[in-house]
**Student:** 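Quick one: this structure, given as structure tokens, is what I'll be asking you about.
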Amino acid sequence: MKHDNESAAEYTAKRVSEKNAEYAANLEHEHDAEYAKYAAKRESEHVVESAELAGKDTAAESGGDSGAANPSGLTSSPSDAPASSTPAAPLRRGYTTGACAAAAAKGAALLLITGDRLPAVDIDLPAGFRHSFELTGWQREGTDSAICATVKDAGDDPDATHQAWIEAAVSWLDHPGVEIDGGRGVGRVTKPGLPVPVGAAAINPVPRRMILEAVSGVLEEHGAARGLRVVISVPEGEAIALRTLNPRLGIIGGISILGTRGVVTPFSTEAYKASVVQAISVAAATGNGQIILTTGGSSEKYAMAMFAGLPEEAFIQMGEYVGFSLEHAKAYGIGKVTFVGMAGKFSKVAQGAMLIHSKNAPVDFGFLAAVAAEAGADKKQVQEIAAANTASQVVDMMTEAGNSAFFESLCRHACEQSLKHMNGGMVVEMVLMTMKGRVLGRAEICG
């Protein structure tokens, strides 16, 4: 259980340490010795990582709504990187958990059938090329079963599963074919709305197909009359899942085995956006007519307190993707979308921006000055707002002036722009908060 005075990073590191200790307590095989070495290395990395994350948490609390966990486990974006006068080296792509699972399964199948502990195997990726995956953790139990693993390399995309040990255990069936299931550290689906049925292991359709093709190819090559059962495990999976939205999506006990192309594009928005869509899908499938969209962890915390009667899956961290999230909410039949967040971010929505990262949509202080004039601010205040440097400065000015009409007007503009973007079809609500969780303004419009 996580204690109130324990940061998420500290809790995650502790859980990983506990899981590694539990696994290492039963070392009997060379496979276990290989994993023990891996686990010791990973535990030392988590200590450093926890210290770094703790520093980021502290900075986020004092600086804004940037301390958010996000659905895909991504920890940064290209715009977070410091500016440099020297050209950046090309970013190195990585490989998905699904591709790694397929490679481990192929290695295990070859080990079982031939007895060969191959250092690497090649597999075909949906992206249209072959890649060689290094293997480790070989273990063969007589002629009945075998285990092989690979360590996920996410390239320069710092997702939650980077360097995860992904393992496949194969055993003979009494009949032809390939059966695929999840073991320790691979989650189980408990809610509808996902591409995997309730009760099944959270191994998505494309990874399932990749595993099936890789193992079937080995069986055909060696003329095997019987089929194989494949069980994918991720020893750290339960701890890693604490850093994702899997529990909220109803994926319990571990991570998901994912990937539609087999490759991870560094700092891509695709993974984040895909997980936002998945969260909206789950919310709709579980009967939620209203969802709460926030930009990050701080605003979500306040939203959950404000809308305590809604289930957890109704709350979705959309990041900067306002228009994208609205479009998919409408497509999934959501009747009402409520935005909760800080005035600086959502003032951009009020001015018509549907992608609200600072790089894409700077704050328009002329627009804010015009809204202030609409709300009855005097000429001097309007001029000061037009000359302001930050949105926080404007919020302070209007708060000190007691001009609540300014924030109500911002909320109305944001609702109108949201409905305009979607051509209506739902109710949109906007709630603006301070960094301490006080409501500044609120409006709702039915489009």
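Reckoned from all heavy atoms, side chains included, excluding hydrogens, waters and symmetry mates.
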**Student:** Using a 3.5 Å distance criterion without hydrogens, assess whether the side chain of S418 forms a donor-acceptor pair with backbone atoms of A414.
**Tutor:** yes
**Student:** Apply side chain to side chain contact (heavy atoms under 4.5 Å, CB included) to residues F407 and V395 and explain how you reach the verdict.
**Tutor:** CA-CA 9 Å; F407 300 108; V395 169; 4.2 Å; yes
**Student:** For the pair H162 and K152, evaluate side chain to side chain contact (heavy atoms under 4.5 Å, CB included) and give the outcome as yes or no after the intermediate values.
**Tutor:** CA-CA 6 Å; H162 181 52; K152 182 189 170 184; 5.8 Å; no
**Student:** Could you report the tightest heavy-atom contact between T97 and L258, atom names first, then the distance?
**Tutor:**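 It is OG1-N, 2.8 Å.
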**Student:** Would E167 and S233 count as having a side-chain donor-acceptor pair, cut-off 3.5 Å?
**Tutor:** no
**Student:** Is the cationic atom of K273 (NZ for Lys, CZ for Arg) positioned less than 6.0 Å from the six-membered ring centroid of Y321 and within 45 degrees of its normal?
**Tutor:** yes
**Student:** Which value, rounded to the nearest 0.5 Å, describes the distance between M354 atom CE and E327 atom CD?
**Tutor:**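 M354 atom CE to E327 atom CD measures 9.5 Å (nearest 0.5 Å).
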**Student:** Judged by modelled atom types alone, do N246 and S256 share a side-chain donor-acceptor pair under 3.5 Å?
**Tutor:**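 Yes, S256 and N246 have a side-chain donor paired with an acceptor closer than 3.5 Å.
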**Student:** What I'd like to find out is whether the side chain of V322 reaches to under 4.5 Å of the side chain of M318, using heavy atoms alone.
**Tutor:** yes
**Student:** Of all heavy-atom pairs between G344 and V363, which one has the smallest distance, and what is that distance?
**Tutor:** O-CG2, 4.2 Å
**Student:** What's the shortest heavy-atom distance between L432 and C411, and which atoms?
**Tutor:** CG-SG, 3.6 Å
**Student:** Would you say E179 has more than 12 foreign heavy atoms packed within less than 6.0 Å of its CD?
**Tutor:** yes
**Student:** Does any non-hydrogen side-chain atom of E312 lie less than 4.5 Å from one of M304?
**Tutor:** yes
**Student:** Write down the atom of A99, the atom of L125, and the distance for their closest heavy-atom approach.
**Tutor:** CB-CD2, 3.8 Å
**Student:** Given the rule in the side chain to side chain donor-acceptor pair (under 3.5 Å) test, do K191 and T286 qualify, once you have shown the distances and angles that lead to the verdict?
**Tutor:** CA-CA 7 Å; K191 294 179 182 178; T286 50; over 6 Å; no
**Student:** Test your reading of the model: is there a side-chain donor-acceptor pair from N403 to the backbone of F406, 3.5 Å cut-off?
**Tutor:** yes
**Student:** Would Q317 and T295 count as having a side-chain donor-acceptor pair, cut-off 3.5 Å?
**Tutor:**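 On atom types as modelled, these side chains do not qualify, holding no pair under 3.5 Å.
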**Student:** How long is the span from the CG atom in L410 to the CG atom in L440, to the nearest 0.5 Å?
**Tutor:** 9.5 Å
**Student:** Is a side-chain donor or acceptor of K106 paired with a backbone partner of I211 at a separation under 3.5 angstrom?
**Tutor:**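 Pair absent, no side-chain N/O of K106 close to backbone of I211.
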**Student:** Is it true that a side-chain atom of S281 and a backbone atom of G193 form a donor plus acceptor pair closer than 3.5 Å?
**Tutor:** yes
**Student:** Between K348 and D364, does any NZ, NE, NH1 or NH2 come within less than 4.0 Å of an OD or OE carboxylate oxygen?
**Tutor:** no
**Student:** Which label fits F324 and H328: parallel for a plane angle under 30°, tilted from 30 to 60°, or perpendicular past 60°?
**Tutor:**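 Judged by the thresholds at 30° and 60°, the geometry between F324 and H328 is tilted.
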**Student:** Any sub-3.5 Å donor-acceptor pair from T244's side-chain atoms to A241's backbone N or O?
**Tutor:** yes
**Student:** Any ring-ring contact (aromatic ring centres under 6.0 Å, His included) involving residues 363-391? Give me the pairs, sequence neighbours left out, ordered by first then second residue.
**Tutor:** F367-H413
**Student:** Tell me if the centroids of the rings in F129 and H131 come within less than 6.0 Å of each other.
**Tutor:**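 Aromatic pair excluded; centres sit 6.0 Å or further apart.
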**Student:** Set out, in order, the CA-CA distance, both residues' side-chain angles and the distance that settles side chain to side chain contact (heavy atoms under 4.5 Å, CB included) for M342 and S299, then state yes or no.
**Tutor:** CA-CA 7 Å; M342 314 305 168; S299 51; 4.3 Å; yes
**Student:** If you apply the rule side chain to side chain contact (heavy atoms under 4.5 Å, CB included), what do you find for V170 with R229, and how did you get there?
**Tutor:** CA-CA 5 Å; V170 300; R229 172 176 168 79; over 6 Å; no
**Student:** Salt bridge or not for R188 and D181, using N-O below 4.0 Å?
**Tutor:**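 Here R188 pairs with D181 in a salt bridge, since their nearest N and O are under 4.0 Å apart.
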**Student:** With a 3.5 Å distance limit and no angle check, can you tell me whether Y302 reaches the backbone of M435 through a side-chain donor-acceptor pair?
**Tutor:**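 Yes, because the side chain of Y302 sits within donor-acceptor range (under 3.5 Å) of the backbone of M435.
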**Student:** Does some side-chain heavy atom of V206 sit less than 4.5 Å from a side-chain heavy atom of T96?
**Tutor:** no
**Student:** Side chains of I316 and I292, heavy atoms from C-beta outward: is any pair under 4.5 Å?
**Tutor:** no
**Student:** Within the structure provided, determine whether M430 and R412 are in side-chain contact (heavy-atom separation under 4.5 Å).
**Tutor:**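 Result no, sub-4.5 Å side-chain heavy-atom pair not found.
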**Student:** Do the side chains of V337 and L293 get nearer than 4.5 Å, heavy atoms only?
**Tutor:** yes
**Student:** For the residue pair A101 and A168, what are the closest heavy atoms and their distance?
**Tutor:** O-CB, 4.5 Å
**Student:** What's the shortest heavy-atom distance between A202 and I251, and which atoms?
**Tutor:** CB-CG2, 3.7 Å
**Student:** Just how far is it from atom CG of N204 to atom CD1 of I257, taken to the nearest 0.5 Å?
**Tutor:** 9.5 Å
**Student:** Which residues pass the salt bridge (charged side-chain N to carboxylate O under 4.0 Å, His left out) test with R208, sequence neighbours left out?
**Tutor:**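 Partners of R208 by the salt bridge (charged side-chain N to carboxylate O under 4.0 Å, His left out) criterion come out as none, since no residue qualifies.
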**Student:** Just say parallel, tilted or perpendicular for the rings of F339 and F346, cut-offs at 30° and 60°.
**Tutor:**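 Ring orientation, 0 to 90° scale: tilted.
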**Student:** Can you measure from CD1 (I334) to NZ (K330) and round to the nearest 0.5 angstrom?
**Tutor:**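 Rounded to the nearest 0.5 Å, the CD1-NZ separation comes out at 13.5 Å.
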**Student:** I need the I291 CD1 to I280 CD1 distance, nearest 0.5 Å.
**Tutor:** 4.5 Å
**Student:** Just so I know, are the side chains of M426 and V428 near enough to count as touching, which here means a heavy-atom distance under 4.5 Å?
**Tutor:**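 Answer yes - side chains close enough.
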**Student:** So, the side chain of T136 versus the backbone of T150: is there a donor-acceptor pair under 3.5 Å, distance only?
**Tutor:** no
**Student:** Do the non-hydrogen side-chain atoms of P126 and M210 ever get within less than 4.5 Å of each other?
**Tutor:** yes
**Student:** Can you run down the side chain to side chain donor-acceptor pair (under 3.5 Å) pairs that involve residues 432-447, sequence neighbours left out, and say none if there aren't any?
**Tutor:** K336-E444, E429-R442
**Student:** In Å, rounded to the nearest 0.5 Å, how long is the span from CD1 of I240 to CD of Q163?
**Tutor:**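 Atom-to-atom, I240:CD1 and Q163:CD are 10.5 Å apart.
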